[in-house]
Amino acid sequence: MMHRPKAHLSRRAVLRGAGALMALPLLESLAAPAAAMAGLSPETTDGRPPLRMAIFTVTGGTVLESWRMKQPGPLTRLPSILRPLEFAKDDLLLIAGLSHNGRGEGVNAHEHCSMLHLTGAEQVRKVAGRMYADISIDQRVAEVVGGETFLPSLEIGLGNAERKYSFRAPDQPVPYEGNPRLVFERMFRGRKPVVPNWRHRTAAAIADSVQRSSRSDSRDRSVLDLVLGDAGDLRGRLGRADQRKLDEYLDSVRSVEKRVAFAEARQRLEAADAIAPGPSRLNMPSGLPAPGTSIWKITNPVEQDPERHQEYIRLMADLMILALQTDTTRVATLAAGSDEALFPGVVTVGYERHSHTLEHQGNAGRVEDADPIAREACRQIHAWYTQLFAEMVRKMKSIDEGGSSLLDNTMLLYTSYMADGGHGRNDYPVLLAGRAGGSLKTGRQLVYPDQTPVSNLYVEMLNRMGVKTDRFGDSASAEHAAFGGRLPGLV
């Protein structure tokens with residue numbers, strides 16, 4: 001018995017140790033700040049809504065001369081593609097001169113653009129059919145603020161196949177859900193949509209509710225307290241490999257326990273909100289597909305019929321608004337549009353109506369070498385996309401969160417995964433809508449030196465969302481790196 005291997009443990013020791021494993025995360029949860037358990041960031045404990053980040057990205061780039069103003073400065077009359085946003089120009093920050101500079105290996109032009117789009121990676125590649133990029137901005141933000149909401153992030157729309165935008169890790173692209181019914185069910189399975197009353201969600205109220213909850217299961221917690229000391233004893237009797245396994249299991253149990261504690265606290269808050277909701281009405285979507293509808297029956301008509309296409313984008317945009325309004329998530333990305341879509345009725349010049357064909361015909365190394373009719377068709381398509389984006393902005397601007405609007409409390413990026421339909425990566429269309437909680441000075445256009453990395457903008461967005469960093473993607477390593485990886489002048 002004296003020479004028994006450390007890993008050879010009795011059944012009683014394992015059971016006692018398992019009890020200790022359950023005790024540790026519970027005790028950590030008891031010690032956690034009440035506001036964090038309820039999913040409230042520090043700014044919300046004084047009644048202010050939290051900051052959200054949303055991305056509305058379309059296909060096909062843009063027609064640059066119809067997207068940006070000729071000179072930097074205050075927004076006067078908006079360029080034709082952006083003109084549907086005229087009503088909100090005081091809430092807009094138009095940014096020019098930003099480019100993606102990352103290299104591509106083993107990828108086609110669409111994959112190259114899409115994999116750089118939200119990652120700003122130094123290099124993207126595909127090996128044996130597997131894609132490699134870098135973590136994307138939405139997933140990096142979700143790592144920090146995702147624990148404060150029911151869903152860490154939301155990725156919806158048509159960003160799949162060759163278009164991979166979001167990456168949880170360099171080799172882990174995040175699939176986008178294209179079925180609006182499944183998006184809604186994922187958001188609200190087991191809970192009802194309610195409008196948060198941010199003024200009532202104070203730290204004292206949360207602490208009180210958490211304290212009441214802890215009294216209800218105090219007997220279980222006291223039993224777990226008794227076996228707390230066994231965790232250390234169990235770990236000391238294991239070999240290194242088993243110690244690592246034990247630590248991994250302990251981390252997973254702790255993670256589950258924190259999520260359970262969070263969900264319980266949020267359920268109490270939302271029950272209170274149902275009695276005394278915030279000042280706005282819910283932006284509930286209409287026209288959800290029937291349960292069990294095949295994804296192909298939903299998405300195939302989108303590419304064939306502009307009316308069905310716009311209905312789909314409107315529905316997905318409403319779902320994203322609802323997710324942000326109800327604090328279901330604070331990070332959301334909507335991939336709108338398709339390079340394969342047809343636009344009869346939207347395009348009124350020439351004879352071609354296929355988006356991908358028009359993208360290639362309407363773009364060239366020099367604008368003067370492009371087919372002017374196809375280029376005008378591309379302009380019409382992007383003005384059409386902007387009209388749908390403007391509808392979303394108008395709705396967010398109308399949602400009162402107690403003295404400020406949902407748009408005021410959101411950093412909403414409107415862009416495309418290509419700079420232009422010719423797979424260009426220089427001078428991306430970049431528009432920020434919303435004041436980002438007062439951290440953006442809007443109503444103007446900023447122009448940066450040519451080929452300033454888009455990643456510099458992402459660094460600024462990350463910092464506003466609480467991710468303190470001076471570097472993201474190729475912000476510090478690009479050939480045309482500038483401003484120490486930052487983007488001055490946003491405030």
Side-chain angles (χ1 to χ4, degrees), residues 36 39-41 44 49-57 114-115 117-121 131 133-160 163-180 182-191 193 196 255-256 258-259 262-263 266 285 316-336 392 396 406 409-415 417 432 434 436-437 455 457-469 472-473:
L40 296 188
S41 46
T44 65
L51 178 60
R52 292 81 149 190
M53 185 186 81
I55 300 171
F56 186 111
T57 183
S114 71
M115 294 165 70
H117 180 31
L118 299 183
T119 68
M131 292 183 169
D134 206 342
I135 189 170
S136 55
I137 178 175
D138 56 330
Q139 299 306 301
R140 182 69 186 93
V141 172
E143 287 181 344
V144 174
V145 305
E148 301 175 1
T149 51
F150 276 99
L151 299 179
S153 61
L154 187 67
E155 302 81 24
I156 59 177
L158 303 177
N160 294 306
R163 300 190 304 276
K164 296 287 192 294
Y165 302 151
S166 298
F167 284 76
R168 191 166 289 119
D171 61 343
Q172 295 180 28
V174 179
Y176 280 48
E177 179 53 65
N179 186 330
L182 296 184
V183 173
F184 184 83
E185 290 177 356
R186 182 184 174 207
M187 288 164 53
F188 297 109
R189 183 180 290 112
R191 54 190 285 259
S255 175
V256 170
K258 287 181 177 179
R259 293 300 296 178
F262 158 81
R266 282 295 297 267
M316 294 304 246
D318 282 348
L319 286 168
M320 186 157 78
I321 293 173
L322 185 62
L324 300 175
Q325 182 187 15
T326 59
D327 204 36
T328 299
T329 189
R330 296 175 191 169
V331 184
T333 306
L334 168 57
M392 177 181 173
M396 293 178 67
L406 177 61
N409 301 312
T410 301
M411 185 165 46
L412 175 58
L413 175 63
Y414 180 44
T415 185
Y417 84 103
L432 288 173
S455 295
L457 172 64
Y458 292 164
V459 169
E460 297 295 337
M461 295 173 67
L462 286 166
N463 277 271
R464 282 163 174 77
M465 291 301 299
V467 184
K468 302 306 178 184
T469 182
F472 182 80

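The two atoms that bring N160 and P175 nearest to each other are OD1-CA, 3.6 Å, heavy atoms only. Residues M187 and L319 come closest through the heavy atom pair CE-O, 3.6 Å. Taking all atoms of both residues into account, the shortest heavy-atom contact from L324 to A332 is CD2-CB, 4.3 Å. Shown here for R52 and Q325, the closest heavy-atom pair between the two residues is NH2-O, 4.2 Å. Between L413 and Y458, the shortest heavy-atom distance links the atoms CD2-CE2, 4.2 Å. Residue A133 comes nearest to A121 through the heavy atom pair C-CB, 4.2 Å, listed as atom of the first residue, atom of the second, then distance.
In this structure, CG on L154 lies 6.0 Å from CZ on R186, to the nearest 0.5 angstrom. Once rounded to the nearest 0.5 Å, the distance linking OH of Y176 with CD1 of I156 reads 9.5 Å. Once rounded to the nearest 0.5 Å, the distance linking CZ of R163 with OG1 of T57 reads 9.5 Å. Separating the NZ atom in K164 from the CG atom in L118 is a distance of 13.5 Å, to the nearest 0.5 Å. Note that the CD1 atom of I137 and the CG atom of L462 stand 4.5 Å from one another [nearest 0.5 Å]. Here the CE atom belonging to M53 is positioned 10.5 Å from the CG atom belonging to L432, to the nearest 0.5 angstrom.
Looking only at distances, no side-chain donor or acceptor of R168 sits under 3.5 Å from a matching main-chain atom of S166. In this structure, the side chain of T326 does not engage the main chain of P193 through any donor-acceptor pair within 3.5 Å. Under a 3.5 Å cut-off, the side chain of R266 and the backbone N or O of E148 do form a donor-acceptor pair. Judged by distance alone, the side chain of R330 and the main-chain N or O of T149 form no donor-acceptor pair under 3.5 Å.
The salt bridge (Lys or Arg N to Asp or Glu O under 4.0 Å) analysis of residues 133-147, with sequence neighbours excluded, yields the pairs R140-E143.
Here the side chains of M392 and M320 are in contact, with some heavy-atom distance below 4.5 Å. Side-chain contact between F472 and V467 is absent, with no heavy atoms from C-beta onward closer than 4.5 Å. Residues L457 and M461 meet the side-chain proximity criterion, which asks for heavy atoms closer than 4.5 Å.
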- Message: For K468 and N463: C-alpha separation, side-chain torsions, deciding distance, then whether side chain to side chain contact (heavy atoms under 4.5 Å, CB included) applies.
- Response: CA-CA 5 Å; K468 302 306 178 184; N463 277 271; 3.8 Å; yes
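Under the rule for a ring pair (Phe, Tyr, Trp, His ring centres under 6.0 Å), the partners of F56 that lie at least two apart in sequence or sit in another chain are F389, Y414. Taking R464 as the reference, L51, M411, S439, L440, E460, L490, V491 meet the side-chain contact (heavy atoms from CB on, under 4.5 Å) condition, with sequence neighbours excluded.
Side chains of S136 and Y165: no donor on one and acceptor on the other come within 3.5 Å.
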